[in-house]
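Everything on this sheet refers to the single structure shown next.
All values reported here derive from a predicted model rather than from experimental measurement.
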Amino acid sequence: MLFRSGAGKGTQAKILIEKFGIPQISTGDILRAAIKGGTSLGLEAKKFIDAGELVPDSVVIGIVEERIREADCEKGFLLDGFPRTTPQAEALDGMLHKMGRKIDHAVNLAVPDEEVIQRLLDRAVKEGRSDDTEPVIRNRIKNYNDQTKPLIDFYRGKGLLKEVNGLGSLSEVTERILGALNA
């Protein structure tokens, strides 16, 4: 799994899934597809996303569990954007335990907040993302620091955390991640 929106986790996830031949489970992608499709889940999620808030755990956990149970996840998967809170991480552990599975690694891409803001503002221009305005990004960073950052200690305590410097070229960060996973 990869942490830290705006740190390049989505880009790195695509490289890793190709290298390891496993699917990427991106809650952001799943939720954006539901929003685009106008589903009831999508409309509910959109209210939270547009305000820079986290989508409720009950919605996200259900989506992830359904996805992990699909056949292409049998050999493994890469979580991108989940878990985002300690309760989600605990629910994930319980869900995987029932399936006879476990998390092997948790990767934190370390990038300063101001760099994240600039990257997400650049992404908003390039991709036309309505959820990447500066006030929403700053709220997202506050939520990250309050709710997601504690996962670093959660996974460190389980001996699963790999901390990687997320600054540098795409290939430099990829090499750091691969080195950390093989360490």
Thr39 side, atom OG1; Glu44 side, atom CD - distance, nearest 0.5 Å: 9.5 Å

Charged N-O contact under 4.0 Å between Glu115 and Arg119: yes

Pairing residues for Asn143 by the side chain to side chain donor-acceptor pair (under 3.5 Å) criterion, not counting sequence neighbours: none

Nearest atoms (heavy-atom pairs only) where Ala89 meets Leu151: CB-CD2, 3.6 Å

Asp113/Arg138 ion pair, N-O < 4.0 Å: no

Return a table of donor-acceptor pairs under 3.5 angstrom between the side chains of residues 154-161 and protein atoms on other chains or two or more places apart.
unit_1 : atom_1 : unit_2 : atom_2 : d
Arg156 : NH1    : Asp153 : OD1    : 2.6
Arg156 : NH2    : Glu163 : OE2    : 2.4
Lys158 : NZ     : Asp93  : OD2    : 3.2

For Gly81 against Arg84, the heavy-atom pair lying closest together: O-NE, 2.9 Å

Pairs involving residues 48-63, ordered by first then second residue, that meet side chain to side chain donor-acceptor pair (under 3.5 Å) (sequence neighbours left out): Lys46-Asp50, Glu53-Asn139, Asp57-Gln88

Joint cluster assignment, Val111 & Val164, ILVMFWY side-chain distance < 4.5 Å: no

Least distance between heavy atoms, Ala13 atom then Asp80 atom: CB-OD2, 4.1 Å

Minimal non-hydrogen separation, Ile17 against Ile22, with atom names: CB-O, 2.9 Å

Electrostatic pair Asp122:Lys126 at N-O distance under 4.0 angstrom: no

Rounded distance [0.5 Å steps], CG in Asp146 versus CD1 in Ile141: 12.0 Å

Minimum heavy-atom distance Glu134-Leu121, with the two atoms named: N-CD2, 3.8 Å

Thr85 side-chain N/O to Thr148 backbone N/O, donor-acceptor pair under 3.5 Å: no

Spacing of Ile30 atom CD1 and Glu66 atom CD [to the nearest 0.5 Å]: 9.0 Å

Pairwise side chain to side chain donor-acceptor pair (under 3.5 Å) hits with a residue in residues 173-183, at least two apart: Gln12-Thr174

In a table with atom names and distances, give each donor-acceptor pair under 3.5 Å that connects a side chain of residues 70-79 to protein atoms at least two apart or in another chain.
unit_1 : atom_1 : unit_2 : atom_2 : d
Glu70  : OE1    : Arg67  : NH1    : 3.1
Asp72  : OD1    : Arg67  : NH1    : 2.7
Asp72  : OD2    : Arg67  : NH2    : 2.8

Glu127 atom CD, over 12 foreign heavy atoms within 6.0 Å: yes

Same cluster (ILVMFWY, side-chain, under 4.5 Å), Val60 and Phe48: yes

Partners meeting side chain to side chain donor-acceptor pair (under 3.5 Å) with Lys102 (sequence neighbours left out): Asp104

Interatomic distance, Ile68 atom CD1 to Ile25 atom CD1 [nearest 0.5 angstrom]: 4.5 Å

Same apolar cluster (I L V M F W Y, side chains within < 4.5 Å links), Ile49/Ile61: yes

Val107 and Leu16, any side-chain heavy atoms less than 4.5 Å apart: no

Check: Thr11 and Leu170 side chains under 4.5 Å, non-hydrogen atoms: yes

Verify same cluster id: Leu109, Ile117 (apolar side-chain graph, 4.5 Å): no

Common cluster, Tyr144/Leu167, ILVMFWY with side-chain heavy-atom separation under 4.5 Å: no

CZ-CD1 distance between Arg129 and Ile137, expressed to the nearest 0.5 angstrom: 9.5 Å

Heavy-atom pair with the smallest gap, counting every atom of Gln24 and Gly10: NE2-O, 4.2 Å

Verdict with supporting geometry, Lys14 and Glu18, salt bridge (charged side-chain N to carboxylate O under 4.0 Å, His left out): CA-CA 6 Å; Lys14 290 186 183 353; Glu18 186 172 314; over 6 Å; no

Spacing of Met95 atom CE and Glu65 atom CD [to the nearest 0.5 Å]: 5.0 Å

